[in-house]
Structures are given as structure tokens and as C-alpha cells.
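Since the structure comes first, as C-alpha cells, the remarks are kept for the end.
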Number of protein chains: 2
Amino acid sequence: MHESGTESGQRSIVTLDDIARRAGVSQPTVSRALADSPLISAKTKARIREIADEAGYQVNLVARSLKTRSTQTLGLVVPQVSNPYFPKLIQCFADTARAAGYHLQLQLSGADQEAEAACLGYLREVRVDGVLIVTSRGGLPARKQAEALLEAGVPVVILGWVEDCEHFDMVMADDAVGGSALAQHLIGLGHTRFGIVGATPHRGHYDRLVGFLAGLSEAGCAAESVDHFPAVSEAEAEEAVDIWLAMPDRPTALFAYRDVLAAYLVKHLTNRGLSVPGDVSIVGFDNLDLATFVNPQLTTVDLPIEALAATAVNQLLTRIAEQPMQAAVRREILTPQLVLRQSSGPPPVSMPCTKENNK
Amino acid sequence: MHESGTESGQRSIVTLDDIARRAGVSQPTVSRALADSPLISAKTKARIREIADEAGYQVNLVARSLKTRSTQTLGLVVPQVSNPYFPKLIQCFADTARAAGYHLQLQLSGADQEAEAACLGYLREVRVDGVLIVTSRGGLPARKQAEALLEAGVPVVILGWVEDCEHFDMVMADDAVGGSALAQHLIGLGHTRFGIVGATPHRGHYDRLVGFLAGLSEAGCAAESVDHFPAVSEAEAEEAVDIWLAMPDRPTALFAYRDVLAAYLVKHLTNRGLSVPGDVSIVGFDNLDLATFVNPQLTTVDLPIEALAATAVNQLLTRIAEQPMQAAVRREILTPQLVLRQSSGPPPVSMPCTKENNK
DNA sequence: AGCTTTCTTGCATACGAATGCAACACCTGC
DNA sequence: GCAGGTGTTGCATTCGTATGCAAGAAAGCT
């Protein structure tokens, strides 16, 4: 009771004016002093600074932003945050931005169109200095709003693949190279029959497929040796496992578009008493933390998330620095890395077309 | 070439003044029209609205915030976003806030003191209307800044446990109840020797331990039947497994403070050829998505994350609505739920002190 | 001493939107 | 035809900060 504590501390927002009054100078002088302007004498600065932080002054960034027409903030739009791929990206993006003196305004677009549009609208309303949009499943639902943002002079960068967008800057990983690397790896192990598990229209992950197939055909593998198993959810992955099990001449290696899918496959395969990679090799794509949690750990392709985030931030900063925004779009494509783990191995010795080892 | 595209659209920011000019009215009239004020006639409103969205007008929220002294934004401080517990929380918090017309300003405190202080400082500078701080490992490193925030009239709510904080509103899950439920479950299965795996000083998860022990002693289980295995990282979890393996009279059930730890235990136990729950039962805490990815799926305690987030938002909104902030602190404690899965079962039939079944 | 130069400070204003108050137009009733 | 009301609109100002410009003080120069 000897201390006042949280009693009433309401609305005691200290402004430059308050400090000016206490210091007996004008408000602009305080502004300049705290900004360390060379116009102000050293001793005045010192005195004002002392008074300022004794009074617990904190800049009002909304006022400053209004005046300077800059929020020093970058908007980041991601579809969701439960998918472990995004947290990593957010973290890296935030770190790079902070290093450059920028703050982060995160928006969750939730993958449906209205939400993404709303996010972009909000980001425009709060006057962020630039926006990075991470595509969800290869789409850019709110393309219109994104273009409006650009036309309003706000730099926009797209992270990931999106079809038919001519005038956006982009940064992405070379999924084709990753897919190709996986194919070569599996062929090197001796596999000849392959399965591909993922969404059917392959939206967004199209290049993974293309790269994988290219890798196969480069090694002289016929296209007929590849089967497709459409699946996006866990249930569909389980179904895919059953379909695979029932095949007479089944693939000895399965390529899942995403680590999460690969993890589902491993789970349901082992549930059915099959061994990975003894009976079948599984490879994924993304290299999520998840990939090391499943047993066996997943062979996969590591997306260079830190590099992607850093590149995106730099592209935005470059655009922001350009006084009139240049017309030419910029694209950067980074190369992912193959990560070998335990889920891939040589095919079973006996020919898999006979069902003898299925019992 | 028939279309101009992204040519030059720079700095064409439309303001209320622009619209006023085009409509031949005053700026305040436009402001009121777009705010649907009853002061403005229906036909003027219609005309202005048309002109506004033909011109692509977007409110400038920084100007509005400056004038109204409210940003309609809630700050959320979480230690990190890689831990899958947080994404879920963020999502729920964002959804509840949005439903109430509030936006989210996410800050990653990174668990070290300066960072958390910087986050709170920034949130104060941008004038958020309220702040939810999610404690990292039971600490509130930037307590000073949090109190400064409160004294400046900004509502602050703490999510999670933090020792010795008298004047903060809080919302938390009843970890003790969860721990106790786990203990009862294991005892019901017939276990008599227990191991606890987690950080040694039990910072932040202290109640989980207390509840677990209380549950045991309630069932008449002696305290000597409990061993502690300090571990926070994966490496330490592996070490714990080895120590456990070497014990003459080892526990038949292991309680990990966090699902992630439990997952590590399962992984390294099965790596060493042991069966879960055949040889040893494992239980976790948190009910992350991860818990269903590991094999066997984890028996754990489900934290009511949605409810926690919603409660926190409501506490903040209540505080914001209070004109002078009331002095009395508010605390809400929610009850978690036991989730039974495959990682727990009856103890092995042969006494585990003999090593016969270890081969 | 008078004048220019260099420092330091204050004045005025702008950023874009919201709002109390005054002013004007219109309609009604006498 | 004029007082009083009602319904719309404009004027003036405010939020807190930044900055171009003028003004004043101090100092150096002839």
C-alpha cells in the first residue's frame, strides 16, 4: 500500500509539446533534438533527451507516419500459419526486415479469396511501404487487389509460383531442379517404377512434377513407369496407400509433393505392416521439421527458406528506394537442396509384381 | 501494348479532399458521407460513394488513428512461431479479434529479454489499443515495459503462467488439473513406477508437475516411485532414454512436459527397438498436431487454445471499454481435457527390473 | 563599428481524417 | 409574409510530428 502501482495511469501520453514546455523550448526544437539533428546544439540535445526519457516519452509512430508518409513497415500475407512451412518463413522475413529497420505487419489470408482481398485492402489502408504475398496453392486469388496496390505505388513481391502474372516481381525456389534431383536419387538407388502422390491439377506444385518427370526421362526411364495417386488430405493419402497395395505391378518408390503428404504415407504404410524403405521408398518435398519426426526420417528437398525471405525483403527495399517505380519486373529463382535421410533406399530384391512378400 | 499496365501509377493516393473537389462539396461532407452519417442526405451520400470508389479511395488509417486516438489493433507478443503451439493460438486470437472489429499486430519476442522489451516498446509506439503477452517458459522478461504499458493506459493481458505478477490480468489453462488427469489415467492402467521428463527447474510447467504428483499421491502412490529426467532438447531426450534404459528398476510410464519432448522420446525408444506402449507408456502435454503424427499417436492433454485466445481477447476488449481502467485484476483459468491415444497402455507383464525383454 | 558568416532556435504549415459549431436552405404553420 | 423548426452542408480546429523558412544570437572579418 506504500506504492501507488496501477492506480490510475490513464491517458498520460507524453507528446513533444509536453517536453517542449518542460524544457522551455519550442516543439520543433524537441523534435530535432530527439532526431539528433545537427541543427541543435549539443547541450540542448542533452538536456532535452534527459527530460524526454525522464518523462517516459515514446514517439507516436502514427503521427510520424502521417507526416513522413512512410510507416517503415512491410506487409506479409501468408495463407495460414499452422502449416509448419510458414512460421519459418515469417521468422526469417521478420529478421531480415528488422535488420533493415523495417517492421512487420502479418496477415493471414486463410486461402480463400475474400480473405486475401481483405488483407491486401487492409495493408493498403494502413499504408505499409511494401507487401510480400506468399501464394497459397499456386493461386493469387486477390490478383485485382494486388494490382491495385502496385498502381497505388506500393511495391509488391510474390513468393512462390503463380500462373500468368506478368507485372509482379517474384522470388521462388526452383522446384523443377528439386524434383529432378529426387528422380535421379531414386533411379540411382535402382528404382524403375514410380508413383506420384499429390493434388491432381498439380496447382502450384506443377514444377515439382515436371522436374521429377524430366529427371526420370533424362535417365532413360519411360513415362509409362509412373502412376499418379491424387491426394491432398490425410484420408486421401490413406486411400492412395490402399490403391497402391492392390496394384499388381506396383511402384517401388513414391514421391509426395509435400512432406506432410509423405508423412501420412509413411504412417499408413507402417500401420499396414509395410516397411519404409524396405518395401517402398518415400520421398517428400519441403524439408519441414516434421520430416525428422516421422520414422523413418524423410528424404526430401530442402527449400532455402531463409534465402527466399531475405531475397524478398531485398527486392521490396530496392523497389521502395526507387523513386518512380521502374517498370521492368524482377524475378529471382533460388536452387533447393536434396536432403538424404532414411525413407529412401534400394527397391526390394524380389520383383514387386509378384505378391509373395505381401503377407 | 494497347494497355498502359503498370506504367507509372505512382503516388496517386486519393484523399477525402480529392473526392470533395470532384464532388463539389467540402471535405467534412465526404468524411461523413462515407461514414454513413445521418447528417448527410441520401442522394449526396450515394453520389459521393460512387465517386469515391470510382476513384479507388481507401481510408488512410494512420490519419484516422491519429485523429480518433484508436488504432483498432491488438498487439500479440509470442516468443516464436516455430513451436506449433503458437500458430494455433495466433490464428484463434486473430479470428476472435477480427470478429470484434480489431486487427492484429504480431510481434515475435524470440524469448530473450531485449527482444521482448523491444516488441512492447514498438507496440506502445504504434499505439495499439491493447496487448496480449504470451509468456515464454514461464517468464516475463520485459516486466518493466509491460508495466509501463499499463501505466500509459494500455490494457495488458498475460497468457500463461508467470510468477509474482500482481497487477496483470491473466488467462491460463489449469495445468495442475491436466497433470493430475494424466496421473490418474496411468495409475488406472496399472503403472506403479513413473518418470518425468522435462526442464529441471520446471519453469512455466511447474503446475503440470505439481498436478501430476498430486494425482499420484491422491491414488496412494509413494513419491519415491518417481524419477526425474531433465531434458529440453532432442539430444537431452535421447540421453534420458539411455539413462532410463540403464536403470535396474525402471519406470513403466514416462510423462513428458510437452508433446515435442514426448515425440522425441517415442522416436528414440523405437529406434532402440523398444515398443510404445508395449515396453513403456509415454504421455505428453499440449495436444499439438504433432501428437497425431508420431507413431503411436500420443496420449496427451489438450489445451483449450481457442478458448484461451477468445478469453484473452474478451478481457482486452473489456478493459478497452472501461473508460478509466479499473484497478482490480482479472484472472481466468480454463480446464484442459485429457486425450487418450495409443502411446499409453498397461505396463509390461514381466517385471521391468529384469532385462529379459530388452533384446 | 559595421557587415557578413555561421549556429541555433522559433514560426508556420502540412500530413489526412474526424467533429463541434455555425450557417444556410427549406418547409410548415400562423 | 414572417417566426420557428428541421434537415444539410461548410468552417474551423484538432490529433502529434516533421520541416522549409525566417529570425535572432554569436562570432569573425575588414
Side-chain angles (χ1 to χ4, degrees), chain A residues 11-49 51-52 55-73 122 124-129 152-154, chain B residues 11-49 51-52 55-73 122 124-129 152-154:
Chain A
R11 311 288 105 201
S12 58
I13 304 148
V14 186
T15 73
L16 289 185
D17 252 318
D18 299 330
I19 298 175
R21 246 185 306 272
R22 299 196 206 187
V25 297
S26 73
Q27 173 263 313
T29 299
V30 177
S31 173
R32 285 192 254 252
L34 295 182
D36 200 24
S37 155
L39 289 180
I40 305 296
S41 73
K43 62 176 189 293
T44 313
K45 274 185 198 169
R47 191 164 53 95
I48 291 183
R49 286 220 192 89
I51 298 182
Y57 172 76
Q58 301 269 125
V59 219
N60 185 330
L61 286 186
V62 356
R64 171 180 290 175
S65 295
L66 178 59
K67 179 60 190 172
T68 62
R69 298 159 141 275
S70 151
T71 51
Q72 293 293 107
T73 293
Y122 177 69
R124 191 168 159 202
E125 289 179 347
V126 291
R127 262 50 175 182
V128 293
D129 295 339
V154 182
Chain B
R11 311 286 106 203
S12 58
I13 304 145
V14 186
T15 73
L16 289 186
D17 252 318
D18 299 329
I19 297 176
R21 244 184 307 271
R22 298 196 206 187
V25 296
S26 73
Q27 174 264 313
T29 300
V30 178
S31 173
R32 285 191 255 251
L34 296 181
D36 200 24
S37 156
L39 289 179
I40 305 295
S41 74
K43 62 175 189 294
T44 311
K45 274 184 199 169
R47 193 163 51 94
I48 291 183
R49 284 219 191 91
I51 297 182
Y57 173 76
Q58 300 270 126
V59 220
N60 185 331
L61 287 185
V62 356
R64 171 181 289 174
S65 295
L66 177 59
K67 177 60 189 174
T68 62
R69 298 160 142 274
S70 151
T71 51
Q72 293 292 106
T73 294
Y122 177 68
R124 192 168 160 202
E125 289 179 346
V126 292
R127 262 53 176 179
V128 293
D129 296 338
V154 182

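Letters A, B, ... mirror the listed sequences (proteins, then strands); counts begin at 1. Just so you know, these numbers come straight off a predicted model, no measurement behind them.
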Just list the side-chain donor-acceptor pairs under 3.5 Å for residues 24-31 of chain A, sequence neighbours left out, or say none.
{"from": "Ser26(A)", "atom 1": "OG", "to": "Thr29(A)", "atom 2": "N", "distance (Å)": "3.4"}
{"from": "Ser26(A)", "atom 1": "OG", "to": "Thr29(A)", "atom 2": "OG1", "distance (Å)": "3.0"}

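- Residues meeting the salt bridge (Lys or Arg N to Asp or Glu O under 4.0 Å) test with Asp18(A), sequence neighbours left out: Arg21(A).
- Reading DNA chain D from its 5' end, the first and the last nucleotide to sit under 4.0 Å from a heavy atom of chain B are dT8(D) to dG16(D).
- Shown here are the ring-ring contact (aromatic ring centres under 6.0 Å, His included) partners of Tyr57(A), two or more places apart in sequence or in another chain: there are none.
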Next item on the list: Apply side-chain contact (heavy atoms from CB on, under 4.5 Å) to the pair Ile48(B) and Ile19(B), showing each step before the final yes or no.
Entry: CA-CA 7 Å; Ile48(B) 291 183; Ile19(B) 297 176; 4.3 Å; yes
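- Rotation axes derived from the C1' atoms of the five outermost pairs at either end of the helix from dA1(C)-dT30(D) to dC30(C)-dG1(D) lie 60° apart, to the nearest 10°.
- In this structure, the side-chain hydrogen bond (donor to acceptor under 3.5 Å, both in side chains) partners of Ser41(A), at least two apart in sequence or on a different chain, are Thr44(A).
- Remark: side-chain polar atoms of Asp129(A) are not paired, donor with acceptor, to backbone N or O of Ser70(A) under 3.5 angstrom.
- For the segment residues 41-49 of chain B, the set of residues with a heavy atom within less than 4.0 Å of an atom of DNA chain D comprises Ser41(B), Thr44(B), in numerical order.
- By the side-chain hydrogen bond (donor to acceptor under 3.5 Å, both in side chains) test, Arg49(B) pairs with Asp36(B), sequence neighbours left out.
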Note to self: At under 4.0 Å between heavy atoms, how does the protein contact nucleotides 10-20 of chain C? Give one character per nucleotide, 5' to 3', with B, S or -.
What the structure shows: BBB-BBBBBBB
Check: Does the pair Thr71(A) and Val126(A) meet the rule for a side-chain contact (heavy atoms from CB on, under 4.5 Å), with working shown?
Finding: CA-CA 8 Å; Thr71(A) 51; Val126(A) 291; over 6 Å; no
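- Annotation: side-chain contact (heavy atoms from CB on, under 4.5 Å) contacts of Arg64(B) (sequence neighbours excluded): Val59(B), Leu61(B), Thr68(B).
- Ser65(B) meets the side-chain hydrogen bond (donor to acceptor under 3.5 Å, both in side chains) test with no other residue; sequence neighbours excluded.
- Among pairs with a residue in residues 22-35 of chain B, none fulfils salt bridge (Lys or Arg N to Asp or Glu O under 4.0 Å), at least two apart in sequence or across chains.
- In this structure, Arg69(A) contributes its side chain and Leu66(A) its backbone to no donor-acceptor pair below 3.5 Å.
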